[in-house]
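What follows is a set of notes on a single structure, which appears directly below.
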Amino acid sequence: MRPALGSKALTLGAMLALGANRRVMGAGLLPTSLPTATTSIDWNGEGYTGTIPTQFGLLTAVTQFNIAWNTLTGEIPTQLGRMSEMSTSLDFRSNKLCSDVPTQVQALSSGVNGWAVTTG
């Protein structure tokens with residue numbers, strides 16, 4: 001049985017790389033609190049709704065951030081520009097985001113292998 005945020009505590013080891021091999025999430029709002037040591041987030045097509053939490057900017061060790069193919073709304077937070085270790089992928093595609101990509105987040109694209117965003 002896989003633990004879900006909000007219902008059971010997750011161990012730090014389970015949180016360091018969240019994604020396809022460790023599907024611990026599910027439909028609903030994105031969590032607002034994750035361990036700062038988290039290195040990879042791959043929540044592609046997980047059914048998330050709501051906005052992207054500004055607190056994700058505290059995850060400076062993240063090298064991959066994929067939240068594509070959900071139903072997220074609102075703006076891309078400028079705080080995501082603090083993800084200084086971003087190097088693998090940064091993917092916001094196929095959500096319902098309603099803003100331009102902030103300059104702070106665009107600055108990450110120079111060091112990222114895969115970069116994708118659609119708004120509207």
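All figures in this text were calculated on a predicted structure; none of them were measured in a lab.
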Under the side chain to side chain contact (heavy atoms under 4.5 Å, CB included) criterion, do Thr73 and Asn95 qualify, and how do the steps go? CA-CA 7 Å; Thr73 58; Asn95 282 289; over 6 Å; no

Using the rule given for side chain to side chain contact (heavy atoms under 4.5 Å, CB included), can you reason through Ile52 versus Leu97, listing the C-alpha separation, both sets of side-chain angles and the distance that settles it, and then say yes or no? CA-CA 9 Å; Ile52 302 169; Leu97 302 171; 4.1 Å; yes

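Atoms CG and OG, on Leu59 and Ser33 in that order, are 9.0 Å from each other to the nearest 0.5 Å. Residue Met86 holds its CE atom at 7.0 Å from OG1 of Thr63, rounded to the nearest 0.5 Å. Interatomic distance, CG of Asp42 versus CZ of Phe65, reported as 10.5 Å (0.5 Å rounding). The structure places OG1 of Thr38 at 9.5 Å from CE of Met83, a figure rounded to the nearest 0.5 Å. A distance of 7.5 Å separates CD in Glu85 from OG in Ser87, rounded to the nearest 0.5 Å. Rounded to the nearest 0.5 Å, atoms CG (Leu80) and CD (Gln106) are 12.5 Å apart.
Here the side chains of Asn44 and Ile67 are not in contact, with every heavy-atom distance at 4.5 Å or above. Counting heavy atoms from C-beta on, the side chains of Val105 and Leu90 come closer than 4.5 Å. Residues Thr39 and Val62 have side chains not in contact (no heavy-atom distance under 4.5 Å, counting atoms from C-beta outward). Annotation: side chain of Leu30 is in contact with side chain of Phe56 (closest heavy-atom distance under 4.5 Å). Using a 4.5 Å heavy-atom cutoff, the side chains of Gln64 and Ile41 are not in contact.
Side chain of Asn70 to main chain of Leu72: no donor-acceptor pair is present (N/O by atom type, distance under 3.5 Å, no hydrogens or angles). With Gln79 contributing its side chain and Leu58 its backbone, the two residues share no donor-acceptor pair below 3.5 Å. A side-chain donor-acceptor contact under 3.5 Å links Asp91 to the backbone of Arg93.
The residue from Phe92, Trp69, Trp43 that alone fulfils the ring pair (Phe, Tyr, Trp, His ring centres under 6.0 Å) condition with Tyr48 is Trp43.
Pro53 and Pro77 get closest at one heavy-atom pair: O-CG, 4.1 Å.
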